[in-house]
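Have a look at the structure below before the remarks.
Letters A, B, ... mirror the listed sequences (proteins, then strands); counts begin at 1. Note that the structure is a prediction, hence the values are computed from the model and not measured.
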Amino acid sequence: MSDGSSISSHDGHGPSFTFYPAIYVLPTHLSLESLHRVEECLLNRDARLTYDPSEARVFLGNIGQRKRAILELRSRGVCTELEMRSVPGGVHVDGALDLGTETESDGQTNQSTGHLKRARSSDAEVDGSFINSDLIRVVRLGWLEKCVEEKDLVPMDQYIIYQGRRVQHPDDKATKGSEILHRAQQDVSRPHRGTTHRGTTHRPPKLYKQSTSENEDTPPPAPDWVTNHVSYACMRSAPLHPPNERFIDQLVKIRKVRELTLDEIGVRAYSTSIAAIAAYPCEFRRASEVLALPGCDMKIANLFAEFQQSGDGSLVAASALDTDPVLRVLHHFYRIWGVGAKTARDFYYARQWRDLDDIVEHGWNSLSRVQQIGVKYYDELLEGIPRAEVEEIARVVHRHASAVRPGVECIVVGGYRRGKEASGDADLVLSHRDESATHNLVVDVVSSLETEGWITHTLALHLTTSTRDQQTLPLRHDTGNHFDTLDKALVVWQDPSFNDTSPSTPEKKKRNPNPHRRVDIIISPWRTVGCAVLGWSGDTTFERDLRRHAKKSRGWKFDSSGVRERTSGGQVIDLERGGETWQEREKLVMEGLGIGWRPPGERCTR
DNA sequence: TGGCAAATACTG
DNA sequence: CAGTAT
DNA sequence: GCCA
């Protein structure tokens, strides 16, 4: 690590912290810029930085009080007992478990010990006894500054605010215990690269760094939404393939694990983080860049550090999805249409099933009808639908819709509209400028398609406005009644036409080789078509934040069927009146909601 | 420390 | 009612 | 897991 180019990565004259234990920088009382500067400084000097408090042994921070230090540690789940003995000449404090009753003793107490050891530590042996121990230290930032100033390692002693030894969590719950155990097991099974066992600590990628220039380390200026702390995904542009896509893929896998383990809050948290990262316009180079994003904190920054230092860009927690035998099976079941996390777990734990064959063999009759369909077409429904085929499906649906309602419009929404190369399903919105034309439209379109053989199964029919309006209020069917969601049909689709090349056996019809597809047909009255299209075009987090933003900033309730006041009896807010086309109307809604317009290709929050 | 998007239809 | 889907 |  010390060849000619070490000059640049060491500023030409800095001490090396190579032999120091993992360092965690306490963000408290530090601006983001300062935090970044400190991190940069450490990285330049080969320090092992970590964002995982559980593996850090040096906590560097802009704090002065021991009480504060203990607080900082505890808030990060680091429980310690005071340990002063190994500080040369250190004040031996008994009754070590004082966690916060102290008021007068601060860093100064320990500093009285500083002179003694200074005599015997002026070189690499500095802090040696500490380095080879399992002690935890909270150290004032001044230590680093001093090291830089002296261009050499300086003993920590004068700067130690607190020193302790890890103890077991006093409130260690079963869940936490098993989590730790789980992590430990993962660590064992994890193929460690290289010679280290440093977990998620990371070093600067040497070769990479050395070949780059002086201001290599200055991260690109943060985008507006970072500096302004814009925390709504619907107010940022997130492209289909963002620069940090590989990291996002890993986080998405972790989120999937959270789904499978019924951790809804974890799912939401990861979704928020992912959405922010998906909007970030350049590749991260430092974990501190991650830290600056709204919705991302130490946990995510730490995962990025792991991502960066792992040779193959994989995260242990993400790999579990393919590695862990339980998660593998749960995931397998979860991908059956009609089976969610609860049912997948039920299949595994209660029924003791392990694959689709078990389901078919031992539980077929206990499945719901749609679950049977989901199992039957398991592989085909998981295949993505190429864009050309989505367009084809849309043409057919439009043709049938036009036959029953001339003048109807068919809008492809969903992943297709965001630009995805292959969609999980085809989402289509049907609308008509004549509102009366949308009544019973789903039913008419679906039966027409069924008759012609395009729809093989109807998984669900949601009939709300049409039937009810017509039954209860035939005279004013469309006036103001927006308290319901849209009519829709969730169907299984298959192109009925195929080459019957060998009519040699006329009795036996040849099996249709075309894959089964999932198609959603949504009906929207024209007056809210902008809302429908907006509500059906964004990724989940985009849509979630749309609603959150409408609520927080306007006191409105937004969904694909319209916008209304949150007050009881909520007045309908018509934001799209005046828009001639559905595109214009969607834009009016976005502007009216105060999020500004952005094309569907920039609503990819993952 | 509480909140996190949201409503509705359908199934067993 | 609990669970799933959009 | 993050934030107000």
Legend entry - Contacts of A:H457 that satisfy side chain to side chain donor-acceptor pair (under 3.5 Å) - sequence neighbours left out: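 With neighbours one apart ignored, the set is A:Y377.
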[N] [atom2] sits how many Å from [X] [atom1], rounded?
X	N	atom1	atom2	answer
A:D539	C:dT6	CG	P	14 Å
A:L459	B:dT8	CG	C1'	17 Å
A:W536	B:dA7	CH2	P	16 Å
A:M298	D:dC3	CE	C1'	15 Å
A:L490	B:dT11	CG	P	11 Å
A:H229	D:dC2	NE2	P	15 Å
A:H549	D:dA4	NE2	P	14 Å
A:L293	D:dC2	CG	C1'	13 Å

Could you go through residues 332-346 of chain A and list every donor-acceptor pair under 3.5 Å that involves a side-chain atom there, pairing it with any protein atom two or more places apart or in another chain?
residue, atom, partner, partner atom, Å
A:Y334, OH, A:E259, OE1, 2.9
A:R345, NH1, A:L260, O, 2.9
A:D346, OD2, A:R351, NE, 3.4

Side chain of [X] only, heavy atoms from C-beta on: which candidate in [options] is closest?
X	options	result
A:H462	B:dA6, B:dT8, D:dC2	B:dT8
A:R258	B:dA9, D:dG1, C:dT6	D:dG1
A:K551	B:dA6, B:dA9, C:dT6	B:dA6
A:I300	C:dA5, D:dC2, B:dC4	D:dC2

Output yes when a side-chain donor or acceptor of [X] lies under 3.5 Å from a complementary backbone atom of [Y], and no otherwise.
X	Y	result
A:R387	A:K420	yes
A:Q352	A:Y349	yes
A:D358	A:W353	no
A:E576	A:C531	yes
A:R603	A:R598	yes

Hey, does [X] reach any base, or is it just sugar-phosphate, or nothing, if we go heavy atoms under 4.0 Å?
X	answer
A:T458	nothing
A:L461	sugar-phosphate
A:R544	base

Legend entry - Integer angstrom distance from the P of B:dA5 to that of D:dA4: 14 Å
Legend entry - Separation between the P atoms of B:dA7 and B:dG3, rounded to whole Å: 16 Å
Any [X] side-chain nitrogen or oxygen under 4.0 Å from OP1 or OP2 of [N]:
X	N	result
A:R518	C:dT6	yes
A:R564	B:dA7	no
A:W337	C:dT6	yes

Quick one: does [X]'s side chain get under 4.5 Å of [Y]'s, heavy atoms only?
X	Y	value
A:L575	A:I573	yes
A:T528	A:S561	no
A:I521	A:D487	no

Legend entry - Residues from residues 361-370 of chain A lying under 4.0 Å of DNA chain B - heavy atoms: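 Residues of residues 361-370 of chain A that come under 4.0 Å of DNA chain B are, in numerical order, A:S368, A:R369.
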Legend entry - Within residues 260-273 of chain A: residues closer than 4.0 Å to DNA chain D (heavy atoms): A:I265, A:A269, A:Y270
Legend entry - Close residues, residues 341-352 of chain A, relative to DNA chain D [heavy-atom separation under 4.0 Å]: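 The answer is none.
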Inset, instruction - Any chance you could measure A:L490, atom CG, to A:R518, atom CZ, to the nearest 0.5 Å? - result: 5.5 Å
Could you list the donor-acceptor pairs under 3.5 angstrom formed between side-chain atoms of residues 246-256 of chain A and any protein atom two or more places apart in sequence or on another chain?
residue, atom, partner, partner atom, Å
A:D249, OD1, A:R606, NH1, 3.3
A:D249, OD1, A:R606, NH2, 3.1
A:Q250, OE1, A:L315, N, 2.9
A:K253, NZ, A:D322, OD2, 2.6
A:R255, NH1, A:S271, OG, 3.0

Inset, instruction - State, to 0.1 Å, how close A:V226 and A:A292 come at their nearest heavy-atom pair, and which atoms those are. - result: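 Scanning both residues, the minimum pair turns out to be CG1-O, 3.5 Å.
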Legend entry - Polar pair under 3.5 Å, donor/acceptor by atom type, side chain A:R547, base B:dA5: yes
